[in-house]
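The first residue in the sequence is number 1, and the count goes up from there.
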Amino acid sequence: LGSTASYAIRTDDLQSGTRVLNNLIVNVACGGLTLKHVNAFEGNILVNLRRSDKIVHSYVLIQRGPSRGASLSNNVFVHEPAVGDDAPPVWFVENRGGAAAATLEDLTMDGNLYWTPRFPEQARAGLAAVQTRGRDRGGLAADPRFRDPARGDYRFADDSPMKARGLTGLHVDETGPQGRWRERFHGRLQATLSPPAGLIVDDRPVAVTALANRPGAILRYTLDQSE
């Protein structure tokens, strides 16, 4: 995702009851997570969100309420800025105004890990600021101990504090679209086209029959073999 993007993952207006779990967001020039209303972000890994002057940049944007009961727990936030960028990371941005206000106090927060490899004190200060507000009491400012991030391995080493909490982390090869997703979520669709192919000659009419084994299925039949 480039600098024109907004946030890598976001819940939408009036969306509630969604759990966003176990995602890997690395080296994007935009914000990380946008939380609206009563949803849950849990077990996600966010690494090196590059700063952009085009958006409100943060690892988590708490954008729209009411959000009482939303969850932000067991996520990993790692910020290692470019050389020369010594500013502390913006972990959270809150919406403090109007009927749609949403703040940290609305959330259930615990077990998040914060880390800034070149400036560990920034991670400790960020966590302390959250804990002063009564949130993330079980949070950590510590190295997450990824196995081999240079090769895309963001799984937790055996001595990782997150591994001790029962989390495994992710390898980039485990992320992204997975094969046969339609079948996984929608089952196998059996379709029959008759005739399966044909040649239109001299504008003669052609009859095509399309049958599917699932009620409500939509079948598209094109003349250029694209569907």
Side-chain angles (χ1 to χ4, degrees), residues 1 3 7-9 20 22-35 41-63 70-96 102-170 172:
L1 297 176
S3 59
Y7 274 69
I9 299 178
V20 180
N22 304 329
N23 294 281
L24 178 62
I25 302 170
V26 180
N27 292 331
V28 296
C30 62
L33 306 172
T34 296
L35 175 60
F41 287 99
E42 299 170 351
N44 301 288
I45 300 172
L46 290 78
V47 180
N48 293 349
L49 274 60
R50 302 191 299 277
R51 301 183 194 276
S52 170
D53 59 0
K54 296 181 173 62
I55 62 166
V56 177
H57 179 281
S58 66
Y59 277 72
V60 181
L61 172 61
I62 307 169
Q63 188 176 30
S71 175
L72 187 70
S73 297
N74 293 318
N75 301 286
V76 173
F77 306 113
V78 177
H79 185 69
E80 188 169 9
V83 174
D85 180 1
D86 298 342
V90 180
W91 301 119
F92 305 106
V93 169
E94 304 164 79
N95 177 5
R96 293 182 171 276
T103 68
L104 290 178
E105 283 76 13
D106 294 324
L107 310 184
T108 297
M109 290 181 64
D110 202 16
N112 297 297
L113 182 146
Y114 310 81
W115 189 236
T116 45
R118 288 197 291 121
F119 306 102
E121 67 279 3
Q122 293 180 351
R124 290 192 288 267
L127 175 58
V130 173
Q131 291 179 332
T132 298
R133 297 171 62 178
R135 294 294 178 268
D136 223 350
R137 294 296 191 190
L140 297 171
D143 188 338
R145 303 285 297 146
F146 297 128
R147 288 188 185 181
D148 192 353
R151 289 184 169 86
D153 192 346
Y154 292 89
R155 292 174 295 179
F156 301 124
D158 289 340
D159 59 349
S160 167
M162 301 306 285
K163 190 71 172 289
R165 295 182 175 185
L167 302 175
T168 60
L170 288 165
V172 292

With rounding to the nearest 0.5 angstrom, report the OG to CZ distance, Ser160 to Arg147. 10.5 Å

Check the orientation of Phe77 and Tyr114. Use parallel for under 30°, tilted for 30 to 60°, and perpendicular for over 60°. tilted

How many angstroms lie between CD in Gln63 and CG in Leu35, if you round to the nearest 0.5 Å? 9.5 Å

Pair Trp91-Asn112, side chain to side chain contact (heavy atoms under 4.5 Å, CB included): steps then yes or no: CA-CA 11 Å; Trp91 301 119; Asn112 297 297; over 6 Å; no

Report yes if some heavy atom in the side chain of Leu33 is under 4.5 Å from a heavy atom in the side chain of Asn23; otherwise report no. no

Between Gly138 and Asp110, what is the shortest heavy-atom contact and its length? N-OD1, 2.6 Å

Of all the heavy-atom pairs spanning Pro161 and Pro144, show the shortest one and how long it is. CD-O, 4.3 Å

What residues, two or more places apart in sequence or in another chain, satisfy side chain to side chain contact (heavy atoms under 4.5 Å, CB included) together with Leu170? Leu24, Glu174, Thr175

For Thr103 and Arg133, what are the C-alpha separation, side-chain angles and deciding distance, and is it a side chain to side chain contact (heavy atoms under 4.5 Å, CB included)? CA-CA 11 Å; Thr103 68; Arg133 297 171 62 178; 4.2 Å; yes

All side chain to side chain contact (heavy atoms under 4.5 Å, CB included) counterparts of Arg151, not counting sequence neighbours: Asp148

For Ser71, does its backbone N or O pair with a side-chain atom of Glu42 as donor and acceptor, under 3.5 Å? no

Using 0.5 Å steps for rounding, measure from the CG atom of Leu49 to the OH atom of Tyr7. 8.5 Å

Side chains of Phe41 and Val60 in contact at under 4.5 Å (non-hydrogen atoms): no

Residues forming a side chain to side chain contact (heavy atoms under 4.5 Å, CB included) with Leu167, sequence neighbours excluded: Asn74, Phe156, Met162

In the structure I gave you, are the side-chain heavy atoms of Pro117 and Val78 within less than 4.5 Å of one another anywhere? yes

What residues form a side chain to side chain contact (heavy atoms under 4.5 Å, CB included) with Asp158, not counting sequence neighbours? Lys163

N/O donor-acceptor pair under 3.5 Å between Thr34 side chain and Leu61 backbone: no

I would like to know whether Tyr154 and Val76 meet side chain to side chain contact (heavy atoms under 4.5 Å, CB included); could you show each step before the answer? CA-CA 11 Å; Tyr154 292 89; Val76 173; over 6 Å; no

Would you say Asn44's side chain and Val20's backbone share a donor-acceptor pair under 3.5 angstrom? yes

Going through the checks in order, is the side chain to side chain contact (heavy atoms under 4.5 Å, CB included) test met by Arg165 and Leu140? CA-CA 12 Å; Arg165 295 182 175 185; Leu140 297 171; 3.3 Å; yes

Looking only at non-hydrogen atoms, find the nearest pair between Val93 and Ser58 and report the distance. CG2-CB, 3.5 Å

I need the full list of salt bridge (Lys or Arg N to Asp or Glu O under 4.0 Å) pairs touching residues 71-85, with sequence neighbours left out, sorted by first then second residue. Arg51-Asp85

Side chain proximity check, Asn75 to Tyr59, heavy atoms < 4.5 angstrom: no

So do the side chains of Thr168 and Asn22 get within less than 4.5 Å of each other, counting heavy atoms only? no

Ignoring hydrogens, what is the shortest heavy-atom contact between Gly32 and Ile25? Give both atom names and the distance. O-CD1, 4.1 Å

Throw together a table of side-chain donor-acceptor distances under 3.5 angstrom for residues 118-131, partners on residues two or more places apart or in other chains.
residue, atom, partner, partner atom, Å
Arg118, NH2, Pro81, O, 3.0
Arg118, NH2, Ala82, O, 3.1
Gln122, NE2, Asp86, O, 2.9
Gln131, NE2, Asp136, O, 3.0
Gln131, NE2, Arg137, O, 3.4

Heavy-atom nearest pair, Met109 first then Leu104, reads SD-CD2, 3.6 Å

